[in-house]
Amino acid sequence: MSELRKLAEDVAREAGAMLLAERPSMSASVETKSSPTDVVTALDKASEELIRARILAARPDDMILGEEGGDTPGTSGVRWVVDPIDGTVNFLYGLADWAVSIAVEVDGQIVAGVVNVVPREELFTAALGEGAWLNGSRLRCNRDVPLEQALVATGFGYSHARRAVQGEVVAAVLPRVRDIRRGGSCATDLCSVAAGRVDAYYERGINYWDYAAAGLVAAESGARIGGLHGKGPNTELTLCAAPGLFEELHDLLEPLDPERDS
Ligand code: IPD
Ligand code: CA
Ligand code: CA
């Protein structure tokens with residue numbers, strides 16, 4: 001397992017260094033995906049290509065699921081889950097919250113996660129059952145924070161209809177908590193829960209590659225991560241906070257029906 005985590009760290013560092021070096025000369029032209037605001041740059045693709053090449057050179061029988069390149073089959077029982085840039089809009093605008101995210105699954109269970117928040121020179125790592133670290137220092141999420149004092153991170157999807165509902169939901173949450181943060185990178189937000197920089201996080205519409213690595217970082221810091229009604233983290237809605245606050249936030253969100261799109 002430590003060999004897999006080491007490879008994930010090495011690859012996340014190499015991709016991060018490439019992105020930092022290439023960003024200044026990046027062409028302004030970007031393509032769009034699910035909506036005009038859902039962008040992908042040439043460097044998202046280059047980052048994923050580099051990550052795939054390094055993993056397959058070291059471990060040719062592994063599977064890879066990547067945001068830009070889809071599913072690559074394999075026979076080893078090990079699957080890598082890759083977001084080559086999480087926070088592409090921040091990357092485009094020169095804001096600091098973007099990350100290379102790599103998780104490792106063995107037989108369907110995430111055993112290691114690495115989130116390289118490149119502009120901040122912060123490498124978050126986690127190993128199942130062993131803990132979570134930021135640049136080698138052990139992480140513990142904030143505990144015993146009541147809902148009304150919680151700093152809550154969230155995010156918004158790319159579709160207009162979904163955003164309108166997300167606006168309604170956040171309007172109902174805002175008067176009940178300390179404040180809201182919208183950082184622009186799901187992986188960084190979850191690592192912020194682990195590091196005690198926010199107390200909680202929730203978002204509708206995130207994908208597995210957004211939260212696979214950072215979800216393990218948060219869980220190994222002591223946070224609970226899951227969906228509504230006892231479900232695990234999922235695309236419909238994912239919440240994360242220390243036990244206690246998790247349930248309070250769940251019970252605030254649930255009657256707002258945050259999984260709808262209209
Ligand atoms: C996005 C970021 C953002 C979240 C979106 C994600 P991308 O990922 O994580 O914070 O609100 O839901 O899609 O598109 O930058 O990889
Ligand atoms: Ca993402
Ligand atoms: Ca991405």
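Note that ligands are numbered from 1 as they come in the structure, with each ligand's atoms numbered from 1 the same way.
Nearest protein neighbour of atom 14 (O) of ligand 1, counting heavy atoms only, is Tyr158 OH, 2.9 Å. For atom 11 (O) of ligand 1, the nearest non-hydrogen atom of the protein is Glu203 OE2, 2.5 Å.
Close contacts between ligand 1 and Asp86 involve ligand atoms 1 (C), 2 (C), 7 (P), 8 (O), 9 (O), 15 (O), 16 (O) [criterion: under 4.0 Å to a heavy atom]. Listed by atom number, the atoms of ligand 1 under 4.0 Å from Glu67 heavy atoms are 16 (O). Of all atoms in ligand 1, numbered sequentially from 1 with element shown, those under 4.0 Å from a heavy atom of Asp210 are 8 (O). Listed by number with element, the atoms of ligand 1 under 4.0 Å from a non-hydrogen atom of Phe156 are 11 (O).
The shell of residues lying under 4.0 angstrom from ligand 1, judged by heavy atoms, excludes Gly157. Within the 4.0 Å heavy-atom shell around ligand 1 one finds Ile85.
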Residues Lys33, Glu68; criterion salt bridge (Lys or Arg N to Asp or Glu O under 4.0 Å); working and verdict: CA-CA 10 Å; Lys33 296 197 286 186; Glu68 309 305 339; 3.3 Å; yes
Applying side-chain hydrogen bond (donor to acceptor under 3.5 Å, both in side chains) to Thr72 and Arg52, what does each step give before you reach the verdict? CA-CA 9 Å; Thr72 302; Arg52 282 175 179 273; 2.5 Å; yes
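Across Pro84, Gly184, Gly205, Gly155, heavy-atom proximity to atom 3 (C) of ligand 1 is greatest for Gly184.
By the 3.5 Å distance cut-off applied to N or O atoms, Arg182 is counted among the residues near ligand 1. Considering backbone and side-chain N/O of Gly87, one or more are found under 3.5 Å from N/O of ligand 1. Polar contact check, Cys186 against ligand 1: a nitrogen or oxygen pair lies under 3.5 Å apart.
Using a distance-only test at 3.5 Å, with no hydrogens or angles considered, a donor-acceptor pair links the side chain of Arg204 to the main chain of Glu236.
Inspection of the Arg5 and Thr125 side chains reveals no N or O donor paired with an N or O acceptor under 3.5 Å. Side-chain contact check for Asp189 and Ser192: no donor-acceptor pair (N or O, by modelled atom type) lies under 3.5 Å. No side-chain donor from either of Asp97 and Asn90 sits under 3.5 Å from a side-chain acceptor of the other. For the residue pair Asp44 / Thr88, a side-chain donor-acceptor distance below 3.5 Å is found, with atom types taken as modelled.
Among the atoms of Ile85, an N, O or S atom falls under 3.0 Å of the Ca ion (ligand 3).
Nearest to the Ca ion (ligand 2), among the N, O or S atoms that Asp210 has, is OD1. No other N/O/S atom of Asp83 lies as close to the Ca ion (ligand 2) as OD2 does. Looking at Asp86 and the Ca ion (ligand 2) together, the shortest N, O or S contact belongs to OD1. The atom of Glu67 that is an N, O or S and sits closest to the Ca ion (ligand 3) is OE1.
Annotation for Asn135: atom CG counts as buried by contact number, over 12 foreign heavy atoms lying within 6.0 Å. Taking a 6.0 Å sphere around CZ of Arg176, one finds it holds 12 or fewer heavy atoms contributed by other residues, nucleotides or ligands.
In this structure, Phe246 and His250 have parallel ring planes: the angle between them is below the 30° cut-off, well short of the 60° mark.
Partner of Asp62 under the side-chain contact (heavy atoms from CB on, under 4.5 Å) criterion, out of Val78, Thr75, Leu7: Val78 alone.
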